[in-house]
Number of protein chains: 2
Amino acid sequence: MANKEKYTVAELRAELEAAGIRPTAQRIAILGFMRENPVHPTAEVVFAALSGEIGSLSLTTVYNTLKLLVEHGLVSMLTIDDTFKCFDGNVNMHAHLMCMECKTIFDMPMPESVASFVEGLEDFEPKDVQLYVKGICKKCKLNKENS
Amino acid sequence: MANKEKYTVAELRAELEAAGIRPTAQRIAILGFMRENPVHPTAEVVFAALSGEIGSLSLTTVYNTLKLLVEHGLVSMLTIDDTFKCFDGNVNMHAHLMCMECKTIFDMPMPESVASFVEGLEDFEPKDVQLYVKGICKKCKLNKENS
DNA sequence: CATAGAATTTAAAATGGTTTTAAATTTGCA
DNA sequence: TGCAAATTTAAAACCATTTTAAATTCTATG
């Protein structure tokens, strides 16, 4: 299930408040960006995207806010690549593919049995599930062949 | 399928050579450690475990060697936790659970459908598959309840 | 409405795991 | 044995992220 294309400030504010987070302008903008953009941005990318909108925004705030949103389950953190940490505003369970060449991250539905595997775990209380597949995307494969 | 408990130097040497890696004493020791110990050590841990055996061993060599072994598929890298990078000497496909409290990483068989999911991917050539489940282990759950 | 206290944001500095550099050492091969 | 290439090492550099401390903003209360 994907997110909506557009969220109102009131919706974002309500989401933050429901999580017990004080809805500041920075937090609303960051959560809004994560909800509306079906990408997997790093903190740097979020900062670059929003620093026009909020002139005073600092990279520190973006880092701290994303961490806060992750801790409250409003955003999830992806560690698919060891060289950068990125975030996903779609917290519905799904798998991720990453092209090792162009670093693009693609969403995929989570295979059926993963949910039942996780539910069936004994002696372990699951909180977060990530399925990561790294490989080469079609575009990069073609590029390689023609060179 | 787990690894053996004990590997001979000749076996390790042969594995390195088959991968086109020159079998130095450091590389043999590091690969041996990874093969024989069913844990998920960081570079620091590998270094600490082997620096007695090889007095001159440097942490740099451990980092570089683990990277080399991963590049050649002899060892796999886990990015289950965003605060550390660790390694697995068992390259057979399996899932990982990590306790968010004590940070212990447990091996689990990979659920059936994941392999077929990966094989069924179109327009994407898979190279590495990781299923990570983060949560709370039994021991830590009990500890929390009694406090 | 004024104001104080608390929370948040910010810039700057610090942190720490990892990589790079360059020199020293070791290895394989003639 | 000796040389060229590869590897290892210690030290320095790197850089994404966190911490610090001061400035700002928000909220509650009189």
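No experiment lies behind these values; they were computed from the predicted model shown. Convention: sequence-line order gives letters A, B, ...; per-chain numbering from 1.
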*Segment of DNA chain D, first to last nucleotide, that comes within the 4.0 Å heavy-atom reach of chain A*: D/dA16 to D/dT27
*Base, sugar-phosphate, or nothing for B/Thr61, non-hydrogen atoms under 4.0 angstrom?*
base
*Nearest-0.5 Å distance that lies between atom CG in A/Asp128 and atom CE in B/Met98*: 9.5 Å
*Kindly compute the distance separating NZ (A/Lys6) from CD (A/Glu36), expressed to the nearest 0.5 Å.*
4.0 Å
*Starting at the 5' end of DNA chain C, which residue's closest nucleotide do you reach first, A/Ala25 or B/Pro23?*
A/Ala25
*Indicate yes or no: at least one non-hydrogen side-chain atom of A/Val133 is less than 4.5 angstrom from one of B/Phe124.*
yes
*Cut-off 3.5 Å, side chains only: do A/Asn92 and A/Asn90 have a donor facing an acceptor?*
yes
*Give a yes or no answer on whether the side chain of A/His72 reaches the backbone of A/Val70 with a donor-acceptor pair at less than 3.5 Å.*
no
*Tell me, please, whether A/Tyr7 has A/Lys4 positioned over its six-membered ring: NZ or CZ under 6.0 Å from the ring centre and within 45 degrees of its axis?*
yes
Distances under 3.5 Å between nitrogen or oxygen atoms of protein and nucleotides 12-19 of chain C:
{"residue": "C/dA12", "atom": "N6", "partner": "A/Thr60", "partner atom": "OG1", "Å": "3.3"}
{"residue": "C/dT18", "atom": "OP2", "partner": "B/Tyr63", "partner atom": "OH", "Å": "2.4"}

*asked:* Pairing donors with acceptors under 3.5 angstrom, does anything connect the side chains of A/Ser113 and A/Ser116?
replied: no
*Rounding to a whole Å, what distance do you find between B/Ile21:CD1 and C/dT26:P?*
21 Å
*Take atom CD of B/Gln26 and atom P of C/dT26, then tell me their distance rounded to the nearest Å.*
9 Å
*Quick check: does any side chain N or O of B/Ser51 sit under 3.5 Å from a backbone N or O of B/Leu57, one acting as donor and the other as acceptor?*
no
*In whole angstrom, what separates B/Leu57's CG from C/dT25's P?*
17 Å
*Of A/Gly55 and B/Arg22, whose nearest nucleotide on DNA chain C comes first from the 5' end?*
A/Gly55
